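First comes the structure, then the notes that go with it.
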Amino acid sequence: MNFFERLRGERPSAQTAKDRLQLVLVHDRADLPPGKLEALKDDLIATLSRHIEIDVRKVNISLTQDRHQQRLVADIPLAPSRARRRGAG
Amino acid sequence: MTARIATITSGKGGVGKTTATANLGVALASAGFRVVCIDGDIGLRNLDVVMGLENRIVYDLVDIIEGRCKLRQALIKDKRLSDLYLIPAAQTRDKTAVSPQDMIRVVKDLKPDFDWVLIDSPAGIERGFRNAVAPADLVLIVTNPEVSAVRDADRIIGLVEAEEKGPPKLIVNRVKPEMVKRGDMLSTGDILDVLAIELIGVVPEDEIVTVATNQGSPAALDPRSRAGKAFREIARRMNGEDVPFESLESKDGFFGRISRMVRPGGA
């Protein structure tokens with residue numbers, strides 16, 4: 001990567017390598033490949049939807065790692081219509 | 001004498017395990033230690049050619065294990081260093097000819113006569129790897145600054161920790177400092193960030209290693225070789241010496257200097 005590439009704000013390929021590595025290692029260490037995580041997400045949505053209305057498109061499930069602790073992080077926004085109804089009621 | 005046992009492993013093939021084993025053997029023996037290198041790659045014998053001893057082989061590791069020769073008969077003395085020996089792998093057998101218990105037994109018999117036993121592990125995580133790691137009290141993991149090699153190193157670290165071998169140490173091999181400076185190769189710092197493991201050496205890419213391998217004379221014997229120097233330093237660290245890490249890849253280009261001016265202590 002040369003001076004001009006940096007000026008244009010291009011990402012060093014080493015940074016891309018590091019990011020990809022970190023992601024793949026999180027999945028390796030948890031023994032939960034991305035495809036399985038997707039299946040888990042679908043199951044989770046199906047289960048939650050039986051109880052509460054959620055904004056399916058914005059659901060975000062991911063694996064994270066800080067030091068030695070692996071974490072499954074789920075961000076599940078509720079459906080906007082329901083939130084409004086509850087607020088109005 | 002009671003030898004310490006170091007196994008050199010990696011998971012991924014082609015990262016330089018055999019080269020590292022040969023060079024560490026040479027470096028340790030040059031420093032006055034009695035060393036035996038064992039080729040643990042049964043069926044794909046290679047350490048003999050890297051050490052330049054291929055023409056002296058009569059017996060091999062499997063011959064010892066199956067009782068066809070005495071331990072002493074299978075020890076090949078190095079051409080250049082009087083304190084360096086090799087036990088070659090069998091070429092016509094496979095990994096199942098050896099068990100972890102066999103390795104532990106052979107190493108136990110070698111222990112009284114040596115300061116260091118170095119075991120060159122085969123690639124992979126199966127039987128051959130388990131054989132190589134079984135007798136180890138120090139595991140050195142070799143990786144390259146590449147996504148695939150670092151990923152495999154992480155897997156190996158997990159397996160070694162599960163075997164309760166104590167924390168393994170990392171050798172980053174074939175680093176190209178110019179590419180690291182340009183931001184086109186993972187730096188040693190990047191690798192340590194993701195692996196969380198103690199570093200024992202950083203070996204630069206060095207054409208002398210290729211020439212040395214062609215000639216069967218490990219680069220650690222060549223005072224001009226940068227890789228050879230790195231291996232000699234690793235050998236000193238293996239013996240508990242505190243050898244500072246030379247920065248091969250400091251970002252001391254134009255941008256390094258600029259960012260330090262802007263942000264003292266940074267870069």
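Throughout, a chain's letter reflects where its sequence line sits, starting with A, and its residues are numbered from 1. The structure displayed is predicted, hence computed values, not measured ones.
Taken to the nearest 0.5 Å, the CZ atom of Arg20(A) stands 9.5 Å off from the CZ atom of Arg151(B). With rounding to the nearest 0.5 angstrom, the CD atom of Gln22(A) is 7.0 Å from the CG atom of Asp193(B).
Taking a 6.0 Å sphere around CD of Glu207(B), one finds it holds 12 or fewer heavy atoms contributed by other residues, nucleotides or ligands. For Arg174(B), the CZ atom counts as loosely surrounded, since its 6.0 Å shell holds 12 or fewer non-hydrogen atoms of other residues, nucleotides or ligands. The 12-atom threshold is not exceeded at NZ of Lys176(B), counting heavy atoms of other residues, nucleotides or ligands nearer than 6.0 Å.
Closest heavy-atom contact between Pro12(A) and Gly183(B): CB-O, 3.2 Å.
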From CA spacing to verdict: salt bridge (Lys or Arg N to Asp or Glu O under 4.0 Å), Asp28(A), Arg155(B): CA-CA 8 Å; Asp28(A) 282 359; Arg155(B) 184 96 169 85; over 6 Å; no
Audit row: Leu186(B), Leu21(A), side chain to side chain contact (heavy atoms under 4.5 Å, CB included) steps and yes/no: CA-CA 10 Å; Leu186(B) 287 166; Leu21(A) 195 49; 4.1 Å; yes
